[in-house]
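Numbered from 1 within each chain, the chains take letters A, B, ... in sequence-line order. Being a predicted model, the structure only gives us computed values, none of them experimental.
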2 protein chains.
Amino acid sequence: MTNSPAAATMLPTSLDLSEAPCLRLDLAAPDVTAAVSAAALLADPTRSAVLAMLRDGPHCVCEISAALHERQNNLSMHLARLRDAGLIRRTLIEADARRVYYERDEAACAKALAQLFDLLAKSESRR
Amino acid sequence: MTNSPAAATMLPTSLDLSEAPCLRLDLAAPDVTAAVSAAALLADPTRSAVLAMLRDGPHCVCEISAALHERQNNLSMHLARLRDAGLIRRTLIEADARRVYYERDEAACAKALAQLFDLLAKSESRR
DNA sequence: GTGTTGTATCAGTCCACATTGAGACAGTTT
DNA sequence: AAACTGTCTCAATGTGGACTGATACAACAC
């Protein structure tokens with residue numbers, strides 16, 4: 001009855017370092033702006049699905065729109081955000097000048113991945 | 001004067017595949033829910049900075065709060081979201097039972113990274 | 001020319017979520 | 001016991017961003 005809701009979720013691991021607590025209140029805030037920007041782009045299902053679809057080569061807007069069941073104007077906005085971030089680029093298909101094809105910029109994708117890697121990988125793995 | 005704003009941003013790369021356009025309107029939508037969930041967690045500056053701070057070992061809430069200049073209750077909510085996702089966990093420091101320490105769950109972080117890797121890495125690199 | 005298709009952009013609406021402010025609770029100190 | 005510190009939770013507010021609807025434009029077919 002005196003059970004607090006906070007105690008219910010308190011399931012800590014025992015870490016037995018019996019050294020002095022010695023608070024560090026002067027720690028510097030890490031710069032994570034690049035990783036946050038990359039993550040924000042991937043945090044939308046439509047944008048992530050676009051990047052996934054383009055892994056196996058270019059596709060035109062109508063193909064992507066049909067596959068994702070997304071309205072064309074919404075998809076166009078998401079494509080613009082990915083394009084502004086440099087992760088995808090337009091591609092001309094000579095035999096089909098009417099449609100707009102998009103392809104991934106693998107170098108930009110690798111760079112974004114590296115920024116997320118720096119955030120999530122173990123300390124020994126980084127650098 | 002007849003310059004359209006769309007044409008201004010049209011800077012495509014020349015990709016000379018003169019095969020038939022052959023639209024694929026039956027493409028399957030890729031499943032990106034796991035990667036999107038991981039990215040959504042990282043898409044907030046506070047949460048990303050917490051993960052970055054915990055790379056070099058556990059820290060208590062007040063240390064993180066001071067370093068990030070975040071109000072404690074906001075930080076507590078972000079910590080709860082990272083904890084619910086399994087990326088961090090509470091840690092007991094015996095010499096300092098008053099404070100709550102958090103540490104990264106490296107296995108969970110590696111799993112999240114793998115999901116993002118699957119989305120962003122080149123096709124040859126995946127699987 | 002007109003009509004149709006494919007894509008982009010804009011204004012407006014809506015909603016998830018980050019923040020604020022207040023309060024509750026546990027552990028420590030006196 | 002009271003006072004204080006550290007952390008968590010809740011209700012209310014504010015806002016970025018995703019969606020809707022409409023429109024504009026280019027390329028092609030007629």
Between [N] atom [atom2] and [X] atom [atom1], what is the distance in whole Å?
{"X": "A:Ile93", "N": "C:dG6", "atom1": "CD1", "atom2": "P", "value": "16 Å"}
{"X": "B:Asn74", "N": "D:dG14", "atom1": "CG", "atom2": "C1'", "value": "13 Å"}
{"X": "B:Glu70", "N": "C:dC17", "atom1": "CD", "atom2": "C1'", "value": "14 Å"}
{"X": "A:Leu82", "N": "D:dA18", "atom1": "CG", "atom2": "P", "value": "10 Å"}
{"X": "A:Asp96", "N": "C:dT5", "atom1": "CG", "atom2": "C1'", "value": "11 Å"}
{"X": "A:His69", "N": "D:dC19", "atom1": "NE2", "atom2": "P", "value": "15 Å"}
{"X": "A:Met77", "N": "D:dT20", "atom1": "CE", "atom2": "C1'", "value": "10 Å"}
{"X": "A:Asp84", "N": "C:dT9", "atom1": "CG", "atom2": "P", "value": "9 Å"}

All side-chain hydrogen bond (donor to acceptor under 3.5 Å, both in side chains) counterparts of A:Glu106, not counting sequence neighbours: A:Arg104
List, one per line, each side-chain donor-acceptor pair under 3.5 Å for residues 107-115 of chain A, sequence neighbours excluded.
none

Pairwise distance CG(A:Asp105) to CG(A:Leu82) - rounded to 0.5 angstrom: 11.5 Å
Hey, is the side chain of [X] poking within less than 4.0 Å of OP1 or OP2 on [N], counting only N and O atoms?
{"X": "A:Tyr102", "N": "C:dA8", "value": "yes"}
{"X": "B:His78", "N": "C:dT19", "value": "yes"}
{"X": "B:Arg71", "N": "C:dG21", "value": "yes"}

Salt bridge (Lys or Arg N to Asp or Glu O under 4.0 Å) partners of residues 26-41 of chain B, not counting sequence neighbours, each pair once: B:Arg24-B:Asp26
Polar side chain donor-acceptor pair, A:Thr91 to A:Glu103, under 3.5 angstrom: yes
Options C:dT19, C:dA8, C:dT9, nucleotide nearest the side-chain atoms of A:Arg90: C:dA8
Out of D:dC19, C:dT20, C:dA8, whichever nucleotide has its closest atom nearest the side chain of B:Asn73: C:dT20
Can you list the residues that meet the side chain to side chain contact (heavy atoms under 4.5 Å, CB included) rule with [X], with sequence neighbours excluded?
{"X": "A:Cys62", "answer": "A:Cys60, A:Arg99, B:Leu23"}
{"X": "A:Met53", "answer": "A:His59, A:Ile64, A:Ala67, A:Leu68, B:Leu27, B:Pro30"}
{"X": "A:Arg71", "answer": "A:Asn73, A:Asn74"}

Cluster link A:Phe117 to B:Leu119, ILVMFWY, side chain under 4.5 Å: yes
Near-strand residues of residues 43-52 of chain B, defined as heavy-atom separation under 4.0 angstrom from DNA chain C: B:Asp44, B:Arg47
Nearest-nucleotide comparison on DNA chain D, the residue closer to the 5′ end among A:Ala40 and B:Ala80: B:Ala80
Under 4.0 Å protein heavy-atom contacts per nucleotide of nucleotides 1-6 of chain D, with B for base, S for backbone only and - for none: -----S
Give the table of side-chain donor-acceptor pairs shorter than 3.5 Å for residues 34-51 of chain A, with sequence neighbours excluded, one pair per line with atom names and distance.
{"from": "A:Ser37", "atom 1": "OG", "to": "A:Thr33", "atom 2": "O", "distance (Å)": "2.9"}
{"from": "A:Asp44", "atom 1": "OD2", "to": "A:Thr46", "atom 2": "N", "distance (Å)": "2.9"}
{"from": "A:Asp44", "atom 1": "OD2", "to": "A:Arg47", "atom 2": "N", "distance (Å)": "3.2"}
{"from": "A:Arg47", "atom 1": "NE", "to": "A:Leu41", "atom 2": "O", "distance (Å)": "2.8"}
{"from": "A:Arg47", "atom 1": "NH1", "to": "A:His78", "atom 2": "ND1", "distance (Å)": "3.1"}
{"from": "A:Arg47", "atom 1": "NH2", "to": "A:Ala40", "atom 2": "O", "distance (Å)": "3.1"}
{"from": "A:Ser48", "atom 1": "OG", "to": "A:Leu42", "atom 2": "O", "distance (Å)": "2.7"}

Side chain A:Arg81 and base D:dG17 donor-acceptor under 3.5 Å: no
